[in-house]
Number of protein chains: 2
Amino acid sequence: MSLRFAALGLLAQHPGSGYDLLKRFEKSMANVWPATQSQLYGELNRLADSGLIEVTAVGPRGRKEYRVTAAGRAELRRWITDPADDPPLRRPDLLRVFLLGELSPAAARSYAAGFADHAASELRRLEELRDSLHWDDDDAAFYGRAALEYGLRLAAMEKEWAAGLAVAIAERR
Amino acid sequence: MSLRFAALGLLAQHPGSGYDLLKRFEKSMANVWPATQSQLYGELNRLADSGLIEVTAVGPRGRKEYRVTAAGRAELRRWITDPADDPPLRRPDLLRVFLLGELSPAAARSYAAGFADHAASELRRLEELRDSLHWDDDDAAFYGRAALEYGLRLAAMEKEWAAGLAVAIAERR
DNA sequence: CTTCTCATGTAAGTGGTTACATGATTCA
DNA sequence: TGAATCATGTAACCACTTACATGAGAAG
């Protein structure tokens, strides 16, 4: 369901074509809800079928300019506000942690160290992203910054946790 | 793919029936990789077909006792060690954050406050879980504790982040 | 005129969810 | 004997991924 609202939300911020959306999507929401090109185009057609968005113009190369309808905006607000029973998290990397007992302590320690490295590089990536973005003062920028801050804190937390785990494994023999 | 290894991993720790697995699963891995009964049973059959596990006995009510094979253990170790390109995270709750600009500041603030509450109650749930579990000193317990520690830190981080966001929204008007 | 970017779509396959279906055994 | 628990399975549906297909317009 979520992709539906990601698309609707992007259109609520700015009208545009599927192609436009696709690119804006990569730079913002794809970090929390990745989707492919196929999926996006399909979703736009379904949104239009249900009257939540509409085609305002057809340009060159069959380009379709979309815009949110009043119904779409209402539906979007409903979803955001809803007390949401979101699908649970799926974390293969943490699943592996449960199973590290199957490995030698050295190999397990190495997995934890790799986890820490990965978190560290994600942290750097997000820091660069934060520094590279020219932040406007509108709502989209404000809340985008908030989501980025979440990512930064998450990466920092993971780095410390995994480093601590690596140490704990080493100390355990 | 991951559920396959969750099942394989549980069997590697202890042999048992699908039903047994299902219950052990709920109390450990389901927190990082939820799965349904249908899915588990299907996966066990597929694992048996590929020779990674085997049926050692058939009991009353058609109960099938499973055990990991040598091939299964090897495959499990391979997966844990693998430099994994894990599927990206999907977070509807953070997607909503991107779209809070569609709401009034009061409603957005309320969403952030709800986020913080949810994190706080998750934090309490995990603290209780930690205190209720009688921890053995084996590998499974050690790494299970590590995964739980991750959950605790995550919940604490989310609580603080969301509370901060709520304040920032309030201060912004 | 060829290459790049713009622009949209279809099809096959996989993994997951929900609901349904079935029946044996245990225990009060 | 009726309810709870043990125990396994099927079928329909939905979301997502990967790969493929097509073609118009811009720019050199």
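On a predicted model such as this, the values are computed, not experimentally measured, just so you know. By convention in this document, chain letters (A, B, ...) are assigned in the order of the sequence lines, proteins followed by strands, and residues within each chain are numbered from 1.
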Using a cutoff of under 3.5 Å, can you pull out all pairs of nitrogen or oxygen atoms linking the protein to nucleotides 1-6 of chain C, with atom names and distances?
| residue | atom | partner | partner atom | Å |
| --- | --- | --- | --- | --- |
| C:dC6 | OP2 | A:Y19 | OH | 2.4 |
| C:dC6 | O5' | A:Y19 | OH | 3.3 |
| C:dC6 | O4' | A:R61 | NH1 | 3.3 |

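- Judged purely by distance below 3.5 Å, without hydrogens or angles, the side chains of A:S17 and A:R61 never pair a donor atom with an acceptor atom.
- Residues forming a ring pair (Phe, Tyr, Trp, His ring centres under 6.0 Å) with A:Y66 (at least two apart in sequence, or on another chain): none.
- Rounded to a whole Å, the OH atom of B:Y66 is 11 Å from the C1' atom of D:dG9.
- Taking a 4.0 Å limit (strictly below) on heavy-atom distances, residues 38-46 of chain A reaches DNA chain C at A:S38, A:Y41, A:N45.
- Within the 4.5 Å cutoff, the side chain of A:F5 has no heavy atoms near those of the A:L52 side chain.
- Projected onto DNA chain D by closest heavy-atom contact, B:S17 and A:G62 fall at different nucleotides, the more 5' of which corresponds to B:S17.
- Taking atom CG of B:L22 as the reference point, atom P of D:dC6 lies 11 Å away to the nearest angstrom.
- The separation between A:M1 atom CE and C:dT17 atom C1' is 14 Å, rounded to whole Å.
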Hey, can you pull the donor-acceptor pairs under 3.5 Å for the side chains in residues 101-111 of chain A, sequence neighbours left out?
| residue | atom | partner | partner atom | Å |
| --- | --- | --- | --- | --- |
| A:E102 | OE1 | B:R73 | NH1 | 3.1 |
| A:S104 | OG | A:A107 | N | 3.1 |
| A:Y111 | OH | A:D93 | O | 2.9 |

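- A residue-by-residue look at A:D20 and B:S2 shows that A:D20 has its nearest nucleotide of DNA chain C further toward the 5' end.
- Evaluation of the salt bridge (Lys or Arg N to Asp or Glu O under 4.0 Å) rule for B:R46 yields B:E43 as partners, not counting sequence neighbours.
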Identify each donor-acceptor pair in which a side-chain atom of residues 152-160 of chain A lies under 3.5 Å from a protein atom, sequence neighbours left out, and give them as a table.
| residue | atom | partner | partner atom | Å |
| --- | --- | --- | --- | --- |
| A:R153 | NE | A:E149 | OE2 | 2.7 |
| A:R153 | NH2 | A:E149 | OE2 | 3.4 |
| A:E158 | OE2 | A:R91 | NH2 | 3.0 |
| A:E158 | OE2 | B:Y150 | OH | 2.4 |

Report, one line per pair, each donor and acceptor closer than 3.5 Å where one atom sits in a side chain of residues 114-127 of chain A; sequence neighbours left out.
| residue | atom | partner | partner atom | Å |
| --- | --- | --- | --- | --- |
| A:S121 | OG | A:H118 | O | 3.2 |
| A:E122 | OE1 | A:R125 | NE | 3.1 |
| A:E122 | OE2 | A:R125 | NH2 | 3.1 |
| A:R125 | NH2 | A:N31 | OD1 | 3.4 |

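- The stretch residues 47-60 of chain B does not touch DNA chain D, since none of its heavy atoms comes less than 4.0 Å from the strand.
- Side-chain contact between A:R96 and B:Y143: absent, with no pair of heavy atoms (C-beta onward) separated by less than 4.5 Å.
- A:R67 pairs by the salt bridge (Lys or Arg N to Asp or Glu O under 4.0 Å) definition with A:E54, not counting sequence neighbours.
- Distance CG (B:D86) to P (C:dG15): 15 Å, rounded to an integer number of Å.
- Nearest heavy-atom pair across A:S2 and B:P92 is OG-CB, 3.6 Å.
- The stretch residues 24-37 of chain A touches DNA chain D through A:W33, A:T36, each having a heavy atom under 4.0 angstrom from the strand.
- The side chain of A:R90 contributes an N or O atom lying less than 4.0 Å from OP1 or OP2 of C:dT17.
- Among residues two or more places apart in sequence or in another chain, the salt bridge (Lys or Arg N to Asp or Glu O under 4.0 Å) test is passed with A:R172 by B:D139.
- Of the possible donor and acceptor atoms, one in the side chain of A:W161 sits under 3.5 Å from a partner among the backbone N and O of B:A146.
- Annotation: salt bridge (Lys or Arg N to Asp or Glu O under 4.0 Å) contacts involving residues 11-25 of chain B, sequence neighbours excluded, comprise B:D20-B:R63.
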